[in-house]
Every structure is written in structure tokens, then in C-alpha cells.
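Scope of the values below: all heavy atoms of this structure, side chains included, with no hydrogens, waters or symmetry mates. We count ligands from 1, going down the list as the structure has it; atoms in each ligand are counted the same way.
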Amino acid sequence: MKMRSAWTSGWKNSNLNESKFEMILITGATGSIGKELVRQLIDKGVKFRVLVRDEKKVTGLGDQVEIAIGDLSKPETLGTAMHGIDKLFLVTPDMGQVRALLGVAKQSGVRHVVKISTIEADRSLGPGKWHRQQEDLIKSMGFAWTFLRPTMMMINIIEWWGETVKSQNAVYFPGGNGKVPPVDPCDVAAVACAALTESDHEGKVYELTGPQAFTIGEMVEILAKALGKPIRYTDVPVFAAAIGMLRFGLPLYVVIGLMQTLGALRRSEYAYVSDVVEQVGKRKPRTFEAWCQEYKQAFQ
Ligand SMILES: NC(=O)c1ccc[n+]([C@@H]2O[C@H](COP(=O)([O-])OP(=O)(O)OC[C@H]3O[C@@H](n4cnc5c(N)ncnc54)[C@H](OP(=O)(O)O)[C@@H]3O)[C@@H](O)[C@H]2O)c1
């Protein structure tokens, strides 16, 4: 593993609290939450380290940021990245990677883990179950912890709907009439930034949502308005969606888990709105309308 220390000028913001002296390691720094978190930590004047596979993806971060090269699938590449770290930001949903990373973190003296989990973490199946097992592992290993549990993130729809909106002015999704309050990764990052840099977030579970719940049909209408063209929405039967995922190559246990997630969406089980982004992240959560305006080029 290589590590490059890029900062020389120390703290840029002398108003930070005492936790400014605790070194933070950000994993998933090039992902949808992580890259926003990196930007917000830099804006806040915090010194931190990122763990990335490819240094070329994190150029120009400036002198507050150390870059460590490593791969979560290769535990032997993680030790140097963890050196001197007090707080770890954990994004991966992969239990093997989480186990390996936490093992190295424990050995290295990491104290506090801020984990991206999911609003479904109390469910007994699917992604909720997997994230809950990771939360339990973090607790059992004796780390201080903060669990961030986002609902569906707005950015998913680029992957889910981008191609068919571009090519057919159409969205195919098994959403039924269920409602969900999608959240912007920027807002998840704002809460993560608070949890990593302020002192009173240990032992807290934060459920993160956007400001308003919509049906999938309503979301499609809002996207269509932002794009200035009609988009046809087809509510795909859940069974057909499952067959499609299996044909796409997803393992059966993953498809069964995702079917649970879709079932919960269709029953509006996570249709409630939380005030965590405002209370902890200290910002108004981004509306879905505003997000569509900002990302409309991804559908054009
Ligand atoms: N999407 C949702 O609606 C939703 C809702 C609730 C919870 N979540 C949870 O949110 C998390 C995903 O967050 P995200 O959307 O920010 O992630 P993301 O955009 O998928 O990014 C994944 C990040 O992990 C890094 N990564 C992947 N494999 C790696 C490896 N082997 N070693 C080192 N780094 C690796 C990627 O780096 P590279 O640039 O090298 O690929 C990237 O920075 C998951 O735990 C998911 O379950 C998602």
C-alpha cells in the first residue's frame, strides 16, 4: 500500500471543536456520499485521510487531505491507511470487507466508527439484515459508533431510469403506489460530516430522509417536468422485476433481499420524513425537484 501525505499547512479553521485533532479515515471517498463528504470536510477545514483504490480519482483535494491507496478486498493493503486513525467512515455493504476493515481498525486503535447503514436495518431480510449484522459487529467489537440509516437515495434513479428515459422517454419500475421520501447523498454527507467532527453523536442511530414522500409515479412526473418532456411510467410486476434481476446475473439471495425492499416500498413502510438532516446536518434537505434540476443532464 502506498500513502501520500499532501498537507503541509495544518488547520485552516481555528473554530473547530476539540475533535479537530482526531484523525479521520474516509472510505468510499469517490462514491456518491463519500465525494460530497470529502468536499464538506475540506470546506470545514478538517484534516483527514481518504482510502482509495485509484489515486487518479482524488486529484486536487488540496493540502488538508492525505491519500492512502488500498483495497477493501485485500486486508493486507489497509494497515498503513489506518495508522493514527481515531474515526473511521464506513460505506461498504459487504460483510467480508467490513469484517476485514474492522479487524485492522481494532488492531490500529481506531475508536469511533461512523457507518452508512440503511433505514431498513430493523428488517429481518435483505440489505436491512446485512447492514444490521454489521452494526451489531461494530458494537460487539467495542467501538464507539454512529449509524446513519438513509432511505432510498435520489441518485439511484440515474442508474435505474437514465437509459430508458434517454432512449424511450419511459421508466419501468416495480414501485406500485408506495411512497418513499428520497434523500440526496449531499444531505447524508452533511450528517456524516457532523458525526465525524462534532462530539455528541456517539451511540446515535440517525434515520435520514428527504423532505417529502412521493410515489414512484409522482417522482417520474417531477423528473418529466424538470426535463420538459413527458415520461411514461410502467409499474413493472415484482415477479417480472425479480426474473430480470436474475437474468442480469444477481445471486438469488440478493434478489430475494431486494424483493423484500421493494415490498416494503410498495407498502409505504418507509414513507415517513425525519428531521435529522436539518437537526444534525444543519441544512434544509434538498427537494427532489431541486435534485432533478441539478442532475437533468444525466437523463438527456
Ligand atoms: N443507494 C441507496 O439508496 C442506499 C440507501 C441506503 C443505504 N445505502 C448504502 O449506502 C452505501 C453506498 O454508498 P454510496 O452510494 O456512496 O457508494 P457508491 O457510490 O456505490 O461508492 C462506493 C465507494 O466504495 C469504493 N469501493 C468499492 N469497492 C472498494 C474496494 N474494494 N476497496 C476500496 N474502495 C472500494 C468505491 O471506490 P471506487 O471509486 O474505487 O470504485 C466508491 O468510493 C451502501 O452501504 C448502501 O447499502 C444506499
K.L.:
Does ligand 1 have any atom that is closer than 4.0 Å to a heavy atom of T27?
P.N.:
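It does not, in that no heavy atom of T27 comes within the 4.0 Å cut-off of ligand 1.
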K.L.:
Where do Y206 and D200 come nearest, in terms of heavy atoms and distance?
P.N.:
OH-O, 4.4 Å
K.L.:
Tell me the protein heavy atom at minimum distance from atom 16 (O) of ligand 1, and give that distance in Å.
P.N.:
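For this ligand atom, the closest protein heavy atom is I33 N, 2.9 Å.
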K.L.:
Students should be able to answer this: which protein heavy-atom is nearest to atom 19 (O) of ligand 1, and at what distance?
P.N.:
S32 N, 2.9 Å
K.L.:
Just wondering, are more than 12 heavy atoms of other shown residues or ligands nearer than 6.0 Å to CG in N177?
P.N.:
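Counting other residues, nucleotides and ligands, CG of N177 stays at 12 neighbours or fewer.
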K.L.:
Please verify the inter-ring angle class for F288 with F214; under 30° counts as parallel, over 60° as perpendicular, anything in between as tilted.
P.N.:
tilted
K.L.:
For ligand 1, which atoms, with element, lie under 4.0 Å from some heavy atom of T30?
P.N.:
36 (C), 37 (O), 38 (P), 39 (O), 42 (C), 43 (O)
K.L.:
Just wondering, more than 12 heavy atoms not from E159 lying within 6.0 Å of its CD?
P.N.:
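No, because the 6.0 Å sphere around CD of E159 holds 12 heavy atoms or fewer from other groups.
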K.L.:
Report yes or no: does R49 contribute a side-chain atom to a donor-acceptor pair with the main-chain N or O of H83 at less than 3.5 Å?
P.N.:
yes
K.L.:
At under 4.0 Å between heavy atoms, which part of S117 makes contact with ligand 1: side chain, backbone, both or neither?
P.N.:
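The answer is the backbone.
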K.L.:
I'd like to check which ligand 1 atoms, numbered from 1 as shown, lie under 4.0 Å from a non-hydrogen atom of I116.
P.N.:
9 (C), 10 (O), 11 (C)
K.L.:
Decide whether a cation-pi geometry holds between K204 and F147; the criteria are a distance under 6.0 Å from NZ or CZ to the six-membered ring centre and an angle within 45° of the ring axis.
P.N.:
no
K.L.:
How far is atom 4 (C) of ligand 1 from its nearest protein heavy atom, and which residue and atom is that?
P.N.:
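Residue, atom and distance for the closest contact: M153 CE, 4.0 Å.
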K.L.:
Hey, does the side chain of E198 reach the backbone of A195 with a donor-acceptor pair shorter than 3.5 angstrom?
P.N.:
no
K.L.:
So which protein heavy atom does atom 31 (N) of ligand 1 come closest to, and at what separation?
P.N.:
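Ranking protein heavy atoms by distance from atom 31 (N) of ligand 1, first comes D71 OD1, 2.8 Å.
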K.L.:
Going by the order shown, which atoms of ligand 1 are within less than 4.0 Å of some heavy atom of G31?
P.N.:
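Within the 4.0 Å cut-off of G31, ligand 1 contributes 16 (O), 18 (P), 19 (O), 21 (O), 42 (C), 43 (O).
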K.L.:
Side chain, backbone, both or neither: which part of A29 comes within less than 4.0 Å of ligand 1 when only heavy atoms are counted?
P.N.:
backbone
K.L.:
Please could you name the atoms of ligand 1 that Q97 approaches to less than 4.0 Å, counting only its heavy atoms?
P.N.:
31 (N)
K.L.:
Nearest non-hydrogen atom to atom 29 (C) of ligand 1 belongs to which of R53, R149, Q134?
P.N.:
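Checking each option, the heavy atom nearest atom 29 (C) of ligand 1 is found in R53.
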K.L.:
Given that the side chain starts at C-beta and the backbone is N, CA, C, O, which of these parts of T151 lies under 4.0 Å from ligand 1, counting heavy atoms, or is it both or neither?
P.N.:
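It is the backbone that gets close, since no side chain atom is under 4.0 Å.
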K.L.:
By number and element, which atoms of ligand 1 are closer than 4.0 Å to a non-hydrogen atom of M152?
P.N.:
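Listed by number with element, the hits are 3 (O).
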K.L.:
Hey, which atoms in ligand 1 end up nearer than 4.0 Å to a heavy atom of H131?
P.N.:
45 (O), 46 (C), 47 (O)
K.L.:
Just which atoms of ligand 1 are under 4.0 Å from any heavy atom in S73?
P.N.:
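Those atoms are 31 (N).
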K.L.:
Take S73 and Q97 through the test side chain to side chain donor-acceptor pair (under 3.5 Å) and record every step on the way to the result.
P.N.:
CA-CA 6 Å; S73 306; Q97 292 183 354; 3.1 Å; yes
K.L.:
For a quick test of reading the model, state the closest non-hydrogen atom pair linking P285 to D187 and the distance between them.
P.N.:
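Looking at all heavy atoms of both residues, the closest pair is CA-OD2, 3.3 Å.
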K.L.:
Answer yes or no: are there more than 12 heavy-atom neighbours, outside K225 itself, under 6.0 Å from its atom NZ?
P.N.:
no
K.L.:
Under 4.0 Å between a Lys/Arg side-chain N and an Asp/Glu carboxylate O for K115 and E135?
P.N.:
no
K.L.:
Would you sort out whether H112 and T146 count as a side chain to side chain donor-acceptor pair (under 3.5 Å), showing the intermediate values?
P.N.:
CA-CA 8 Å; H112 181 193; T146 309; 2.8 Å; yes
K.L.:
Out of the candidates T27, I85, I67, D71, only one should pair with L51 under the side chain to side chain contact (heavy atoms under 4.5 Å, CB included) rule; please name it.
P.N.:
T27
K.L.:
If we set the cut-off at 4.0 Å for heavy atoms, which region of N156 has an atom near ligand 1: side chain, backbone, both, or neither?
P.N.:
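Only the side chain of N156 comes within reach of ligand 1.
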K.L.:
Going by the order shown, which atoms of ligand 1 are within less than 4.0 Å of some heavy atom of K57?
P.N.:
38 (P), 39 (O), 40 (O), 41 (O)
K.L.:
Below the 3.5 angstrom mark, is there an N/O of L72, backbone or side chain, next to an N/O of ligand 1?
P.N.:
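For ligand 1, there is an N or O atom that lies under 3.5 Å from one belonging to L72.
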K.L.:
Under 3.5 Å between some N or O of ligand 1 and some N or O of P150?
P.N.:
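Between P150 and ligand 1, no N or O pair is found under 3.5 Å apart.
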K.L.:
Out of T92, L37, V91, who gets a non-hydrogen atom closest to atom 17 (O) of ligand 1?
P.N.:
V91
K.L.:
Return the residue, atom name and 0.1 Å-rounded distance of the protein heavy atom closest to atom 25 (C) of ligand 1.
P.N.:
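That would be G28 CA, 4.0 Å.
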